[in-house]
Amino acid sequence: MATMATMVSAFPSTSAFQLPTSNPSPSTLALITTTSTAISFNRRKPKKTRNLLIRASSRMIEKETAETHRPDTFLRESDGVSSDQDVGANSVRVRFEKMIREAQDSVCAAIEAADGGGKFKEDVWSRPGGGGGISRVLQDSGVWEKAGVNVSVVYGVMPPEAYRAAKPANAADNGNLKPEPVPFFAAGISSVLHPKNPFAPTLHFNYRYFETDAPKDAPGAPRQWWFGGGTDLTPAYIFEDDVQKNACDKFDPSFYPKFKKWCDDYFYIKHRDERRGLGGIFFDDLNDYDQEMLLAFSTECANSVVEAYLPIIERRKDLPFTDQNKAWQQLRRGRYVEFNLVYDRGTTFGLKTGGRIESILVSLPLTARWEYDHKPEEGSEEWKLLDACINPKDWI
């Protein structure tokens with residue numbers, strides 16, 4: 001039986017990528033594939049450049065159109081065939097969309113089964129420029145306070161300055177790029193699961209794929225692609241057996257230590273000097289490994305959710321708890337809200353540029369709590385959780 005750490009190590013904010021623009025910045029691209037955890041191209045970029053790109057992209061937000069049924073695919077009819085090889089149904093775009101659609105179905109089915117009565121509300125949407133998505137939310141049910149599992153497949157065009165800013169440092173560049181827009185493709189799955197029982201942890205995961213076509217009239221300029229994603233665990237109480245198994249080594253022994261630190265650094269609440277939760281893994285704009293290996297890695301990560309997380313929920317969902325336990329959970333949910341609204345790049349960008357608000361804020365819990373100058377008693381279970389958030393541990 002896989003533990004939570006199998007998932008954390010195999011694959012970590014949430015909303016489902018529903019803010020495509022016709023001229024997106026790196027931050028917009030982040031929002032396209034997760035409105036809760038940005039694809040952090042801009043972590044390498046000066047703040048002035050990031051703000052300029054955000055202002056440029058926010059002028060042209062393409063609104064979604066509600067659909068009455070789920071299509072078999074959100075890909076364009078011509079997709080799956082690239083300029084350099086005819087790969088048809090075996091293209092990364094085709095396989096990645098298939099993976100995230102299947103993962104959404106399996107996770108939602110398992111969440112409903114664990115609840116024993118609640119059903120997801122589903123919204124299907126499309127965009128004039130191509131692509132679309134499926135948003136599913138279950139809230140205030142028997143087991144779940146709020147559970148969101150969203151997918152999207154999006155096409156767009158980014159300005160050349162955004163392409164240069166987003167392009168990984170190791171990407172080839174012949175120096176002949178003309179100042180013209182660059183077509184892009186982005187797809188992803190993103191989820192946040194907030195259980196009601198304070199002894200059951202919140203889970204957040206997302207996996208995404210991004211691709212650009214080479215600019216025209218730029219001989220030798222390659223198609224660029226990136227993978228990103230991860231999983232992070234946010235409990236109110238520590239159960240170490242939930243986070244003690246490492247599955248990253250199956251793909252590369254360097255993944256877990258590198259992605260664990262990346263996760264701890266990203267989910268840092270600066271004004272509290274603590275992390276949002278116990279961590280997990282997090283990776284972004286990753287393309288310095290074999291593409292097929294990274295696709296397999298992302299697929300295994302997404303497919304590990306049910307096996308790793310749902311047994312934890314089954315063990316904890318019916319445990320008795322006190323008002324004190326619930327109040328502590330609500331205080332930690334307050335930290336979740338603080339991080340998402342103050343620091344999360346995708347969320348803050350979406351709020352500034354008029355994105356689909358229900359998708360942007362789907363990661364937030366229904367309830368949270370703030371108390372003035374609250375300090376848990378030293379040595380208590382609450383104190384142990386806070387100490388682990390202030391001083392990150394290697395749980396493996």
Side-chain angles (χ1 to χ4, degrees), residues 11 14-20 24 28-37 39 62 64-65 67 69-83 85-109 120 122-136 148-157 183-191 205-213 223-230 283-287 291-306 346 356 359:
F11 60 125
T14 299
S15 304
F17 357 103
Q18 297 190 7
L19 186 61
T28 313
L29 301 174
L31 195 58
I32 289 167
T33 50
T34 173
T35 55
S36 179
T37 298
I39 293 181
E62 191 175 68
E64 73 278 352
T65 299
E67 301 291 347
H69 70 283
R70 278 174 278 161
D72 292 334
T73 179
F74 289 107
L75 295 171
R76 292 170 174 166
E77 289 185 8
S78 59
D79 224 334
V81 180
S82 68
S83 59
Q85 60 178 335
D86 185 357
V87 291
N90 292 319
S91 76
V92 174
R93 295 184 184 189
V94 171
R95 286 180 288 160
F96 196 85
E97 189 207 23
K98 181 176 185 291
M99 182 273 285
I100 62 177
R101 295 282 296 270
E102 291 176 351
Q104 183 187 42
D105 288 343
S106 64
V107 171
C108 289
F120 278 89
E122 178 179 278
D123 291 324
V124 181
W125 53 274
S126 65
R127 293 191 183 276
I134 302 169
S135 299
R136 293 178 184 168
V149 188
N150 306 319
V151 298
S152 75
V153 174
V154 174
Y155 298 85
V157 178
F184 75 87
F185 167 88
I189 179 170
S190 186
S191 175
F205 73 90
N206 72 76
Y207 290 93
R208 51 199 181 271
Y209 177 69
F210 172 80
E211 196 177 274
T212 67
D213 290 318
R223 175 188 297 251
Q224 302 295 336
W225 55 266
W226 300 267
F227 287 90
F283 60 94
D284 239 339
D285 55 344
L286 199 64
N287 72 347
Q291 188 180 38
E292 289 297 322
M293 186 270 272
L294 291 177
L295 175 60
F297 178 56
S298 299
T299 299
E300 177 150 327
C301 291
N303 290 341
S304 298
V305 174
V306 172
R356 187 175 187 267
S359 293

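Residues: numbered from 1 along the sequence shown.
Under the 6.0 Å cut-off for aromatic ring centres, Phe96 and Phe185 do not qualify, their centroids lying 6.0 Å or more apart.
Distance check: Gln224 CD to Asp285 CG gives 11.0 Å after rounding to the nearest 0.5 Å. In this structure, CE in Met293 is found 7.5 Å from CG in Leu286, a value given to the nearest 0.5 Å. The distance from the CZ atom of Phe297 to the CD atom of Glu292 is 15.5 Å, given to the nearest 0.5 Å.
With Ser106 contributing its side chain and Ala103 its backbone, the two residues share a donor-acceptor pair below 3.5 Å. Between the Ser191 side chain and the Gly148 main chain, a donor and an acceptor come within less than 3.5 Å of each other. With Gln104 contributing its side chain and Ile134 its backbone, the two residues share a donor-acceptor pair below 3.5 Å.
Salt bridge annotation for Asp105-Arg136: present, with a cationic side-chain nitrogen under 4.0 angstrom from a carboxylate oxygen.
The two residues Ala187 and Ile100 come nearest to each other via the heavy atoms CB-CD1, 4.3 Å. Minimum interatomic distance between Pro71 and Arg101 (heavy atoms only, all atoms of both residues): O-NH2, 2.8 Å. Here the shortest heavy-atom pairing between Val149 and Ile189 reads CG1-CD1, 4.3 Å.
Looking at Phe205 and Val305, their side chains come closer than 4.5 Å, going by heavy atoms from C-beta outward. Looking at Asn287 and Phe210, their side chains never come closer than 4.5 Å, going by heavy atoms from C-beta outward. Proximity of Leu294 to Phe283: side-chain heavy atoms (C-beta onward) are nowhere separated by under 4.5 Å.
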Margin query: Checking Trp125 against Ser152 for the side chain to side chain contact (heavy atoms under 4.5 Å, CB included) test, could you report, in this order, the C-alpha distance in whole Å, the side-chain angles of both residues, the deciding distance, and whether it holds?
Written below: CA-CA 9 Å; Trp125 53 274; Ser152 75; 3.7 Å; yes
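For the side chain to side chain contact (heavy atoms under 4.5 Å, CB included) with Tyr209, the lone residue among Glu97, Gln291, Arg95 that qualifies is Gln291.
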